[in-house]
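As the structure is a computational prediction, the values presented were derived from the model and not from experiment.
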Amino acid sequence: MQQKNNLILLDGLRTWGIELSEGQIAQFDRYYELLVEKNKVMNLTAITEYEDVLIKHFLDSLSLVKVISLEKEQKILDLGTGAGFPGIPLKIAFPWLTFTLMDSLNKRILFLQDVIAELGLSGIHAIHARAEEAAKKEEYREAYDLCVSRAVAKLASLSEFCLPFVKQGGYFIPYKSGDIETECTEAGFAIRELGGKLERQVKFLLPNSDAERTLLAIKKIRKTPEKYPRAGGKPLKQPLLSVSER
């Protein structure tokens, strides 16, 4: 493993007040190896160079600390986790957090289950489920302190998928880039309708890169109406918009 390049990860994290043990560094390196090996037979990520993965996957995932404290135990859902981002890096760096990784593609979940076992992680499980269905189940609905997602869906749609999982007083925090102002304006009605309130935005550059990121802190201030999320792909096909925006 390219040990010298770990400095990119370690230096970036130190700027955010995160220190990793040798064991945690070894877990990140092993995760990288598993990711690249599996990516040869299955499309998990277009980013495979070691330094790029450190910055655009690992540091990006861990940038959550810029918007919320992770020093206490929390129950967190990573929705649309894909290859395990941001959930796996967060679990490695903050082992006291409890994670559910959820994805609609079972092949990804099988990979993540192998990663969890290989890295010896506990307090984390990966499940194959669609958000529209899982959010209607009692064990998942409004059961999480925090829901995170790096999924590429627009904010209005992503809010409908994610906010039903968050308990009152908890947060939904999507990872975003690009023209976030327009997206936030368009999603305003959806966030309010689903019981959320956009509290703040945190914009920054990832360390050792010119990649711009924005994290949104959306607080759950009241219960989500039972009819959400809608089934049949409606959150994506017909996102919740105010009357004036339809």
Side-chain angles (χ1 to χ4, degrees), residues 9-28 31 57-81 84-103 112 115-116 119-127 131 134-135 137-151 158-159 161-176 191 194-204 206-207 213-224:
L9 178 64
L10 298 178
D11 289 347
L13 292 180
R14 287 192 188 106
T15 66
W16 300 337
I18 301 174
E19 297 283 347
L20 299 179
S21 68
E22 289 186 6
Q24 288 169 310
I25 295 169
Q27 285 178 314
F28 274 111
Y31 183 23
H57 282 326
F58 294 171
L59 282 172
D60 189 33
S61 295
L62 294 168
S63 67
L64 185 64
V65 298
K66 294 184 68 64
V67 73
I68 195 167
S69 172
L70 298 175
E71 294 307 311
K72 63 179 182 179
E73 292 183 15
Q74 296 183 67
K75 187 177 179 183
I76 302 175
L77 172 66
D78 176 6
L79 189 63
T81 185
F85 306 118
I88 296 284
L90 287 167
K91 179 62 182 180
I92 293 173
F94 304 98
W96 52 85
L97 300 176
T98 299
F99 271 92
T100 300
L101 311 179
M102 187 179 294
D103 200 272
L112 292 174
V115 170
I116 289 167
L119 300 185
L121 301 176
S122 60
I124 180 171
H125 62 286
I127 60 172
K137 297 181 179 179
E138 185 177 354
E139 64 263 40
Y140 301 124
R141 191 174 186 87
E142 299 190 324
Y144 293 91
D145 301 298
L146 178 61
C147 177
V148 293
S149 183
R150 290 209 317 168
L158 201 55
S159 295
F161 288 130
C162 292
L163 275 169
F165 290 99
V166 181
K167 63 177 63 172
Q168 289 184 74
Y171 283 87
F172 161 44
I173 300 181
Y175 291 61
K176 286 291 182 178
I191 292 170
L194 295 158
K197 177 183 179 182
L198 177 57
E199 280 196 342
R200 61 190 180 279
Q201 304 178 27
V202 178
K203 297 184 179 182
F204 57 96
L206 290 177
R213 292 290 184 268
T214 302
L215 295 176
L216 306 176
I218 299 173
K219 188 171 185 178
K220 183 72 170 283
I221 59 175
R222 62 181 182 278
K223 283 183 171 292
T224 300

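Note on ring orientation: taking the six-membered ring where Trp is involved, the planes of His57 and Phe85 are parallel (angle under 30°, cut-offs 30° and 60°).
Under the 3.5 Å distance criterion, the side-chain polar atoms of Asp145 are matched with a main-chain donor or acceptor of Lys75. Of the possible donor and acceptor atoms, one in the side chain of Arg141 sits under 3.5 Å from a partner among the backbone N and O of Ala135. Looking only at distances, a side-chain donor or acceptor of Arg200 sits under 3.5 Å from a matching main-chain atom of Val67. A donor-acceptor contact shorter than 3.5 Å links the side chain of Lys91 to the backbone of Ser122. Put simply, the side chain of Trp96 gets close to the backbone of Leu70: a donor and an acceptor are under 3.5 Å apart. For the pair Thr100 (side chain) and Leu77 (backbone), a donor-acceptor distance under 3.5 Å is absent. Using modelled atom types, one side-chain atom of Glu142 and one backbone atom of Thr224 make a donor-acceptor pair closer than 3.5 Å. The main-chain N or O of Leu163 is found under 3.5 Å from a side-chain atom of Lys220 such that the two form a donor-acceptor pair.
Between Val166 and Tyr171, the closest side-chain pair of non-hydrogen atoms is not below 4.5 Å. Lys219 is not listed as a side-chain neighbour of Phe172, based on a closest heavy-atom distance of 4.5 Å or more. In this structure, Pro207 and Trp16 have side chains that are in contact, with non-hydrogen atoms separated by less than 4.5 Å. Side-chain contact between Leu10 and Ile25: present, with at least one pair of heavy atoms (C-beta onward) separated by less than 4.5 Å.
Ionic pairing of Asp78 and Arg150 is not present here: no N-O contact between side-chain nitrogen and carboxylate oxygen is shorter than 4.0 angstrom.
A donor and an acceptor atom, one from each side chain of Gln74 and Tyr144, are nowhere located under 3.5 Å apart. Defined by atom type and a distance below 3.5 Å, a donor-acceptor pair is missing between the side-chain atoms of Ser63 and Tyr175.
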#### Entry: Stepwise side chain to side chain contact (heavy atoms under 4.5 Å, CB included) check, Val148 with Ile76
CA-CA 7 Å; Val148 293; Ile76 302 175; 4.1 Å; yes
task = Could you go through the side chain to side chain contact (heavy atoms under 4.5 Å, CB included) check for Arg213 and Lys203 one step at a time?
result = CA-CA 6 Å; Arg213 292 290 184 268; Lys203 297 184 179 182; over 6 Å; no
- [ ] Any chance you could lay out the side chain to side chain contact (heavy atoms under 4.5 Å, CB included) test for Thr214 and Val202, step after step, and finish with the verdict?
- [x] CA-CA 5 Å; Thr214 302; Val202 178; over 6 Å; no
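Going from atom CD of Gln201 over to atom CG of Leu215 covers 10.5 Å, rounded to the nearest 0.5 Å. Rounded to the nearest 0.5 Å, atoms CD1 (Ile18) and CG (Leu59) are 8.5 Å apart. Atom CG of Leu146 is separated from atom CG of Leu64 by 6.0 Å, given to the nearest 0.5 angstrom. Leu62 contributes atom CG, which lies 7.0 Å from atom CG of Leu9 (distance to the nearest 0.5 angstrom). Considering CD1 of Ile173 and CD1 of Ile218, their distance stands at 9.0 Å, rounded to 0.5 Å. Interatomic distance, CD of Gln24 versus CZ of Phe94, reported as 9.0 Å (0.5 Å rounding).
The two residues Gly87 and Leu101 make their nearest non-hydrogen contact at CA-CD2, 3.8 Å. Closest approach of Asp103 and Gly80 over heavy atoms only: OD2-C, 3.5 Å. The two residues Phe165 and Leu79 come nearest to each other via the heavy atoms CE1-CD2, 4.2 Å. Across all non-hydrogen atoms, the minimal contact from Ile191 to Ser159 is CG1-OG, 3.6 Å. The shortest non-hydrogen separation linking Ser149 to Leu158 is OG-CD1, 3.8 Å. Scanning both residues, Ile92 and Gln27, for their nearest heavy atoms gives CG2-OE1, 3.5 Å.
In Glu22, the CD atom is not crowded: 12 or fewer heavy atoms of neighbouring residues, nucleotides or ligands sit closer than 6.0 Å. More than 12 heavy atoms of other residues, nucleotides or ligands shown are found within 6.0 angstrom of CD on Glu199.
Checked against the 6.0 Å centroid criterion, the rings of Phe58 and Tyr31 qualify as a close aromatic pair.
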